Structures are given as structure tokens and as C-alpha cells.
2 protein chains.
Amino acid sequence: MTKTMDRHQLPNSRKRAKNAAPTSQARFRSGAAPTLAESEYEKLRDRIISMELLPGVAISETELAAQSGVSRTPVREAVLRLAREDLVEVAPKSGTFVARIPVSVLPEALIARRALEGVTAGAAAQYASRSQVLELYALLERQKEFADQGNFDGFHVSDEAFHQKIAEIGRLPGLWIMVQQVKIQIDRFRRLTLPEPGRMSMALAEHIDVVSAIESKEPESARQNMEIHLNGLQLHIKNVVDAHPDFFIHDADLNDLVNV
Amino acid sequence: MTKTMDRHQLPNSRKRAKNAAPTSQARFRSGAAPTLAESEYEKLRDRIISMELLPGVAISETELAAQSGVSRTPVREAVLRLAREDLVEVAPKSGTFVARIPVSVLPEALIARRALEGVTAGAAAQYASRSQVLELYALLERQKEFADQGNFDGFHVSDEAFHQKIAEIGRLPGLWIMVQQVKIQIDRFRRLTLPEPGRMSMALAEHIDVVSAIESKEPESARQNMEIHLNGLQLHIKNVVDAHPDFFIHDADLNDLVNV
DNA sequence: CTAGTATATCTAATATACAAGTTAATGCCG
DNA sequence: CGGCATTAACTTGTATATTAGATATACTAG
């Protein structure tokens with residue numbers, strides 16, 4: 001055994017048992033003091049998702065570190081994390097780049113989302129209390145306000161809150177987490193297009209149908225209405241890809257790279 | 001601009017354009033030379049999932065590094081990645097521990113899996129070619145062989161291959177990736193229980209029903225049969241949690257920790 | 001002028017060093 | 001003997017230094 005473990009091996013010590021869970025009070029930062037790495041992650045992530053940093057642009061760990069006034073270590077942690085989320089591509093020993101959007105994941109993401117949120121809507125119809133239904137109506141009203149203002153960003157934010165609330169009511173918050181992860185590339189894609197006119201009022205009407213089914217405790221109907229709603233999000237992928245070919249990566253490319 | 005970027009700023013250089021995607025041949029390692037951090041990740045991950053390292057036991061970055069003969073840096077990368085996957089819990093400045101299994105994610109994971117694989121089965125029924133159906137029957141035969149031998153590990157491996165194949169046939173490989181992620185805690189849980197007698201032949205029969213529906217190109221039936229199959233995996237959560245209370249963490253605990 | 005090769009200079013990957021915080025043993029004091 | 005401040009020894013978080021690989025430029029030969 002290594003000498004560094006001396007204290008833990010003291011025979012009659014009140015040491016923490018080998019398989020004891022940690023007991024500290026200060027564990028699991030609630031949101032008070034985010035670590036530097038976390039801050040770097042969020043900053044870079046937001047810049048990528050918002051399309052401030054366009055797909056393909058080079059990013060240097062050293063430069064990011066200098067800009068933030070921290071060392072490379074937390075920056076690197078952030079970059080590695082983003083690489084796993086397919087938001088950056090790192091070429092070993094060469095460079096790191098904002099990831100291009102993999103076109104093949106877009107339809108799959110829509111399908112996965114529809115499957116997951118169909119379930120949350122059905123579960124919500126099963127469990128919703130009266131007060132929760134009223135909360136949903138409140139969210140719908142807020143969306144209507146944003147729609148009337150033509151405030152698309154505001155609408156999008158409250159739309160997210162609406163979908164999250166349904167998952168929460170259905171007692172499946174974990175599914176919403178999954179949906180969020182799957183939505184990331186879709187959100188990037190969306191930034192490349194202008195919202196279609198009438199999209200907001202359309203979505204709002206579909207939301208109302210979902211809530212109606214939840215209110216009348218009809219899980220199957222809620223599920224169907226949610227799936228209908230999410231079908232409405234169909235993307236015109238080809239047009240956008242043709243307009244910005246450099247921003248996308250096709251599966252064939254990936255395969256070419258992997259299969260040497 | 002910083003002096004370190006000199007080369008990239010040479011005016012008439014054939015430098016890589018600012019937003020040019022990387023062009024290297026050597027990018028995206030295919031599997032040839034895994035990085036040290038990756039190796040450490042896989043090693044530690046396997047030890048946790050296999051329950052060789054039980055929930056709650058302390059792990060020290062320094063010690064792991066010494067054991068592997070590498071520095072703390074790649075070990076730390078692995079630990080951070082595992083923390084994001086809820087396979088380790090890190091208490092800042094205090095210690096890192098093999099994560100306890102969050103009981104609340106278990107039912108959610110089953111629900112998510114059912115939703116996702118219901119979709120893949122339906123899509124497989126839509127797209128399956130004759131040769132692909134034959135591949136599925138081959139996998140079924142292999143499972144039968146393992147079942148006859150009473151080889152549970154082998155059965156489990158070929159079971160995974162079966163489910164993956166269906167996603168592949170349905171042209172939704174990404175959904176299988178999601179299922180794999182969601183399955184992790186369930187697999188850890190399973191290691192705490194003995195397989196019920198007759199479970200393998202039961203699962204095999206259910207698999208056959210799924211393939212039958214795929215073969216006859218009945219998406220809805222394939223979906224239902226897959227969902228029935230996954231319902232059969234219901235876990236006796238309470239019994240196991242009571243038998244190993246230290247291996248689990250309840251939502252209430254998490255909330256207590258977060259809400260200061 | 002072009003193709004091939006060396007070399008300079010960038011990059012990320014890893015190693016090492018240091019800082020900041022937590023935990024538990026210890027010794028003092030009642 | 002029991003409770004509390006002290007403190008030593010551990011932990012993770014961050015910074016810096018080193019190593020090694022990839023790419024663009026400079027150079028050379030034809």
C-alpha cells in the first residue's frame with residue numbers, strides 16, 4: 001500500500017468506513033459557487049447553441065483560457081464535455097472546432113422526442129391534479145401573450161416550460177432531461193431558419209388540445225395530441241442544408257472518416 | 001490579437017480559413033490508439049457497472065493514477081465523465097465515491113426504454129428486408145443456445161445484440177444509443193439479484209413474437225410485442241432496496257442535499 | 001513551375017506542482 | 001470522562017510545464 005494512505009489505515013481511527021457514503025454537509029453545490037470548469041462549459045455551450053459560434057470555426061483552449069482569465073485546465077474540461085455532446089469536434093494534437101450539425105440525428109431526434117413526450121403527456125393525463133391543470137392553463141395564457149406580441153424568443157422559453165411541466169406532472173422529469181439533450185442539435189438547426197408565420201398560434205392551438213385531454217383525464221388522447229403537436233415541427237432539412245452546406249456533416253462523411 | 005496566433009495571421013498564407021472544418025486524415029481515431037483518459041474511463045466504468053466496485057466505496061484519483069501508472073490528469077477526466085453519468089459522486093475537496101443507484105430513475109428508465117424501443121420495433125417492421133429478418137432469426141437461435149446452456153451472461157450479451165439490431169433495421173441507431181445510456185443503472189441494479197428461473201425462455205418467446213411481427217411487416221403489432229416484452233422486465237425494486245439499503249439513494253435524500 | 005521533403009510552429013495530451021477545502025485524530029480544558 | 005479548538009493528512013480544484021503529434025510554410029530537386 002502507498003504511504004499516502006497512512007491516516008486511512010490507522011487501526012482504531014474513526015475513519016470513514018471503506019464503503020460509507022459521504023456525510024458532509026457541504027456536498028453537491030446547490031448553485032452557489034459554480035466551479036470554473038462549469039462556468040466555462042456554460043459560456044461556451046451557450047455561444048455554440050445560440051449560433052454565435054458557427055459550425056466549423058476553430059476554438060483554441062489557450063485562447064479561451066486567456067479570454068476568461070483562467071488556466072487551460074477548466075477550459076479543457078469544458079471542451080471535453082462539449083465534445084461528448086457533439087457540440088465541438090476535437091482533432092487530436094491539431095485543433096478543436098465548433099461541431100457541424102450531423103444531419104442524420106435531426107430526424108431521429110424528432111422521433112425520439114415524440115416517443116418520450118407522448119409518454120409524458122399520457123402520464124400527465126393520468127396524474128394531473130386540478131391545480132396542476134390550472135398551472136398548465138396559466139402557461140398557455142403566457143404563451144398567448146408572447147404570441148400576440150410576436151415575441152418568438154419569449155414564446156420558445158415558455159414553450160419549454162410547458163413541456164417540462166407536463167413531464168413533471170406525469171412524474172417523469174427524467175424523460176424531460178432526455179428530451180432536452182436530444183433537442184440540442186434541433187435548436188441549433190432552428191437558428192438557421194426564420195420561424196414560419198402563424199407557427200406560434202398553431203403551436204398554441206395544439207398545446208390547448210393537449211391540455212384539454214389532460215384535464216379530462218384521457219391519457220391516450222393526450223398522447224396522440226402531443227404526438228400531433230410534435231409532428232408539426234417537421235423541419236425542411238434539405239433546404240437549409242443546401243443553403244449552409246458547411247454547417248452540416250453527413251453520415252457518409254462520418255463513415256468515410258471512421259472506416260479506413 | 002495574441003502573439004501566439006502569428007502563423008494563422010500571415011496574410012497570403014495558405015492557412016486554414018477561420019471557419020474551415022478540419023481536413024486531417026488522422027482525425028477521429030477509429031479505435032486504433034485510445035487515449036489514456038479513455039482507457040481509464042472504460043476501466044473504471046466497467047468496474048462500476050459490473051458491481052466490482054460497490055456503491056459508496058471511496059475512490060481516489062491519486063490512487064487510481066498510481067495503479068495505472070499514469071498521472072492524475074487522465075484519471076480525473078475519466079472521473080468527471082463518470083460523474084456526469086451518475087456513476088460516481090464527487091464531493092468537492094473531500095472525496096469521490098462510487099455512486100449509489102438513484103431509485104427514482106429505475107422506473108423512469110424502464111418507461112423510457114419501452115417508449116424508445118417500441119418505436120424502433122415499429123420502424124423495423126416497416127423497413128426490414130428479408131435478409132435482415134433472417135439475421136434476427138439467427139440471433140434468436142443463438143439466444144436459444146445460450147438459454148439451453150443456462151449461460152445467463154451469454155444470453156444477456158446476445159439479447160443486447162438483438163435489440164441493437166432491431167434499432168439498426170429500423171434506421172434509428174441513435175435511439176439504441178439512448179437506450180444504452182438509460183439502461184446503465186438498471187444493469188447495475190440487476191447485478192444485485194439472481195435471475196428468475198425461466199426468465200430466459202420467457203424472454204426468448206417474447207423475442208420471437210417481436211420478430212414475427214417484423215417479418216409480417218406489422219409495425220403496430222411489433223411495437224406492442226416489444227412493449228410487452230419490456231414490461232416483463234419489471235423489477236422488484238422494493239425487495240432489493242431493502243436488502244441493500246446502502247447501495248441506493250432516494251429522491252428525498254437528493255432534495256435534502258440540494259435544498260439548503 | 002511542380003512535387004517532394006524538411007522544419008518551424010501551432011495544437012491537444014499528459015505530467016507535475018500548487019492552492020484551497022474537508023475530515024478525523026489529537027490534545028487541551030472543563 | 002466528555003466536548004471543543006487545533007492541526008495534520010488527506011481530498012479535489014486549478015495552474016503551469018512538458019511531451020508528442022499534426023499542419024502549414026520554407027526549402028530543395030527535378
Side-chain angles (χ1 to χ4, degrees), chain A residues 1-17 20-29 32-40 58-66 68-80 82-83 88-97, chain B residues 1-17 20-29 32-41 58-66 68-80 83 88-97:
Chain A
M1 280 298 181
T2 68
K3 184 161 171 296
T4 60
M5 294 294 286
D6 276 349
R7 183 173 58 87
H8 282 324
Q9 294 175 349
L10 293 181
N12 59 352
S13 69
R14 267 188 282 126
K15 74 181 175 190
R16 179 162 53 206
T23 58
S24 159
Q25 320 85 318
R27 288 172 53 235
F28 305 131
R29 59 188 83 255
T35 184
L36 290 183
E38 255 175 295
S39 306
E40 292 305 311
I59 51 188
S60 156
E61 293 180 2
T62 312
E63 205 170 335
L64 288 175
S68 295
V70 300
S71 84
R72 264 190 57 207
T73 307
V75 172
R76 179 171 171 75
E77 283 183 18
V79 167
L80 289 170
L82 291 166
V88 306
E89 309 174 27
V90 29
K93 313 293 179 93
S94 173
T96 303
F97 307 84
Chain B
M1 282 295 181
T2 67
K3 184 161 170 298
T4 59
M5 295 294 284
D6 277 349
R7 182 174 61 87
H8 283 323
Q9 293 176 349
L10 292 180
N12 58 352
S13 69
R14 269 187 281 128
K15 73 180 177 192
R16 179 163 54 206
T23 58
S24 161
Q25 321 85 319
R27 289 174 51 234
F28 305 133
R29 60 188 81 258
T35 185
L36 291 183
E38 254 174 294
S39 306
E40 292 304 311
Y41 166 77
I59 51 188
S60 156
E61 293 179 3
T62 313
E63 205 171 337
L64 289 175
S68 296
V70 300
S71 82
R72 259 190 62 206
T73 306
V75 171
R76 180 171 170 76
E77 282 183 20
V79 167
L80 290 170
V88 306
E89 310 174 26
V90 28
K93 312 293 181 89
S94 174
T96 303
F97 307 84

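So you know, we letter chains A, B, ... as the sequences are listed, proteins then strands, and number each from 1. In this text the structure is predicted, and so the values were computed from the model without any measurement.
- One can place CD of A/Glu38 at 10 Å from P of D/dG13, the figure rounded to the nearest angstrom.
- A/Val79 and A/Val88 get closest at one heavy-atom pair: O-CG2, 3.6 Å.
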Check nucleotides 14-17 of chain D for protein N or O atoms closer than 3.5 Å to its own N or O atoms and list the pairs.
| unit_1 | atom_1 | unit_2 | atom_2 | d |
| --- | --- | --- | --- | --- |
| D/dT14 | OP1 | A/Thr35 | OG1 | 2.9 |
| D/dT14 | OP1 | A/Leu36 | N | 2.9 |
| D/dT14 | OP2 | A/Thr35 | OG1 | 2.8 |
| D/dA15 | OP2 | A/Ser71 | N | 2.7 |
| D/dA15 | OP2 | A/Ser71 | OG | 2.8 |
| D/dA15 | O5' | A/Ser71 | OG | 3.4 |
| D/dA15 | N7 | A/Thr73 | OG1 | 2.8 |

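- Judged purely by atom type and a 3.5 angstrom limit, B/Ser60 uses its side chain to pair as donor or acceptor with the backbone of B/Thr62.
- Checking A/Ile59, A/Leu82, A/Leu80, A/Leu64 one by one against A/Thr96, the side chain to side chain contact (heavy atoms under 4.5 Å, CB included) holds for a single residue, A/Ile59.
- Protein atom OH of B/Tyr41 is 19 Å distant from nucleotide atom C1' of C/dA13, rounded to whole Å.
- Here the CD atom belonging to B/Glu61 is positioned 5.0 Å from the CZ atom belonging to B/Arg76, to the nearest 0.5 angstrom.
- A/Leu80 comes within 4.0 angstrom of nothing in the nucleic acid, heavy atoms only.
- Across all their heavy atoms, A/Ala91 and A/Phe97 have their closest contact at CB-CE1, 4.3 Å.
- Spacing between atom NZ of A/Lys93 and atom P of C/dA12 amounts to 11 Å, rounded to whole angstrom units.
- Atom CD of A/Glu61 is separated from atom C1' of C/dC10 by 13 Å (rounded to the nearest Å).
- For A/Ser60, a side-chain nitrogen or oxygen approaches OP1 or OP2 of C/dT11 to under 4.0 Å.
- Heavy-atom minimum distance, B/Ala83 versus B/Val90: CB-CG1, 3.9 Å.
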### Summary
Output field dot_bracket for DNA chain D (Watson-Crick or G-U, both distances under 3.5 Å, | for other-strand pairs) contains ||||||||||||||||||||||||||||||

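- Residues A/Val75 and A/Glu40 share a closest heavy-atom pair of CG2-OE1, 3.9 Å.
- Closest approach of B/Ala37 to B/Glu77, counting heavy atoms only: CB-OE1, 3.0 Å.
- One atom, CD of B/Glu89, and another, P of D/dT12, lie 14 Å apart when rounded to the nearest Å.
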